[in-house]
Protein chains: 2
Amino acid sequence: MPKARLTPASVTEAAAALVDEVGFDNLSMGLLAERLGVRTPSLYKHVTSQAELAHRIAVLAMTEAGDVIRDAIQGRSGSNALAAGAQAMRTYVREHPGRYAAANATRPTGPDDPFIPASERVLASWAAMLSGYDLDPAQEIHAMRTLRSVLHGFATLEAAGGFQIDASVDESFTWLINFIDQGLRAGAANGSDVGR
Amino acid sequence: MPKARLTPASVTEAAAALVDEVGFDNLSMGLLAERLGVRTPSLYKHVTSQAELAHRIAVLAMTEAGDVIRDAIQGRSGSNALAAGAQAMRTYVREHPGRYAAANATRPTGPDDPFIPASERVLASWAAMLSGYDLDPAQEIHAMRTLRSVLHGFATLEAAGGFQIDASVDESFTWLINFIDQGLRAGAANGSDVGR
DNA sequence: GCCTCTAGCTAATCGCGTTAGCTTCAGTGG
DNA sequence: CCACTGAAGCTAACGCGATTAGCTAGAGGC
């Protein structure tokens, strides 16, 4: 029955869709093979191991997230760019929780790992967005880390079902964005105050 | 050689120490048994499964974190309480990354899961701390979620080695705390502004 | 001093990732 | 049109880690 059906890319794509459904921790070669209508060992013609597959999902996720965030920020600045970028990231994580989990579980395997440029693209988008706030250059790194922390923290807590109370999570997120925006604008106003 | 050596509690404690060393994902019954000087199947006299063991570690972690945060906030208020509590949490996660990972990987198993009150104790500490900021009651939930997001996000990013650049992570964390503090104080001043 | 209860042990099972080696179609060169 | 090669899939089998079954021996109570 050999018919040129699968490729590394198609297997990765299917695996990404699978983890979004069943959760990254529940990824298994057998389940993926079943989805693809193929026997488990056949997958090894396209990926060398489950670990490599997980890493491919991570690269895919980081690339997609980078695209989505860049597109959201495109053409906006300041508060609008922040709100659009943050919403875009949150939406991506909600729609692709498995991919996002894969991206968080991975570590660069070497200096030429495609995961590295993919991550850097995301960071570059955030940096571009932050540049609209006229922060003291010495504080940019701290603002960047704070921004990453909130967004990552909110996304993972939400994905894990960490927000139990019935109060609207959407509302909390816009509140959070507004909170960060005001802090950044205040920081731009009196640079040396925020940050010690 | 039957000698009453192990107990569920001692096994859990050893497992917690182990995951802090090797990482939560690398927890294995064989490795734990070796540490305890016992054969793998013997562990099942004290724990019903690896999943249950992981859950016990999670409860232990949440309880310890609750203690540490409560103690840090004790006797302080406002900015001091925030700084002390946040630092306490960050220190706990840095010293016990495996335990923290276990706590994040777990979901309550039922209505009488001891993990629930343990988590609530942590939330109660944060709530007590926030009450020192005189926020609009309607905004407390959002402030709480924002606070949890930053702290959780920063801790996990740091634990995952997510902050690459050489700029001081300690400094970034104090900057972050200061950022949150100022935002909360501003929010208390003009309540309806922050939060839309 | 015997009895029971149980922590620990060895042996075996199961599931899942992975490897080895065979088989068969798709496309190529003659 | 046909033999040839290469890769994609398959079956069979291995290995490791979690888990289960059933045995054994020391500790504490009578």
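Chain A is the first sequence line, chain B the second, and so forth, proteins listed ahead of strands; every chain is numbered from 1. Side-chain atoms are counted along with the backbone in the values below, which use heavy atoms only and exclude waters and symmetry mates. What you are looking at is a predicted structure, and each value in this text was computed from that prediction instead of being measured.
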**Student:** Provide, to the nearest angstrom, the distance between the CE atom belonging to A:M29 and the C1' atom belonging to D:dG9.
**Tutor:** 14 Å
**Student:** In degrees rounded to 10°, what angle is found between the helical axes fit to the five outermost pairs at each end of the helix from C:dG1-D:dC30 to C:dG30-D:dC1?
**Tutor:** 10°
**Student:** Hey, is CD1 on B:I165 packed in by over 12 heavy atoms from elsewhere, all under 6.0 Å?
**Tutor:** no
**Student:** Would you call B:E21 and B:R99 a salt bridge, using N to O less than 4.0 angstrom?
**Tutor:** no
**Student:** Can you tell me if CD on A:E52 sees more than 12 non-hydrogen neighbours from other groups inside 6.0 Å?
**Tutor:** yes
**Student:** Under 6.0 Å from the ring centre and within 45 degrees of the ring axis: does the NZ or CZ of A:R145 meet both conditions for the six-membered ring of B:F154?
**Tutor:** no
**Student:** When the ring planes of A:F179 and A:W175 are compared, do they come out parallel, tilted or perpendicular, using 30° and 60° as the limits?
**Tutor:** parallel
**Student:** Whether B:R90 and B:D170 form a salt bridge (side-chain N of Lys/Arg under 4.0 Å from carboxylate O of Asp/Glu) is what I want to check.
**Tutor:** yes
**Student:** Return yes if a side-chain donor-acceptor contact under 3.5 Å exists between B:H46 and B:T7, otherwise no.
**Tutor:** no
**Student:** Does B:D113 pair with B:R107 as a salt bridge, N-O distance under 4.0 Å?
**Tutor:** no
**Student:** Can a donor-acceptor pair be found between the side chains of A:D181 and A:Y133 at a distance below 3.5 Å?
**Tutor:** yes
**Student:** Please report the distance, rounded to the nearest Å, between CG in A:L36 and C1' in D:dA8.
**Tutor:** 13 Å
**Student:** Between atom CG in A:L32 and atom C1' in C:dC16, what is the gap in whole Å?
**Tutor:** 14 Å
**Student:** Looking at residues 38-55 of chain A, who's got a heavy atom less than 4.0 Å off DNA chain D?
**Tutor:** A:V38, A:R39, A:P41, A:S42, A:K45, A:H46
**Student:** Expected output is a numbered-order residue list: members of residues 20-27 of chain A with a heavy atom under 4.0 Å from any atom of DNA chain D. What is it?
**Tutor:** none
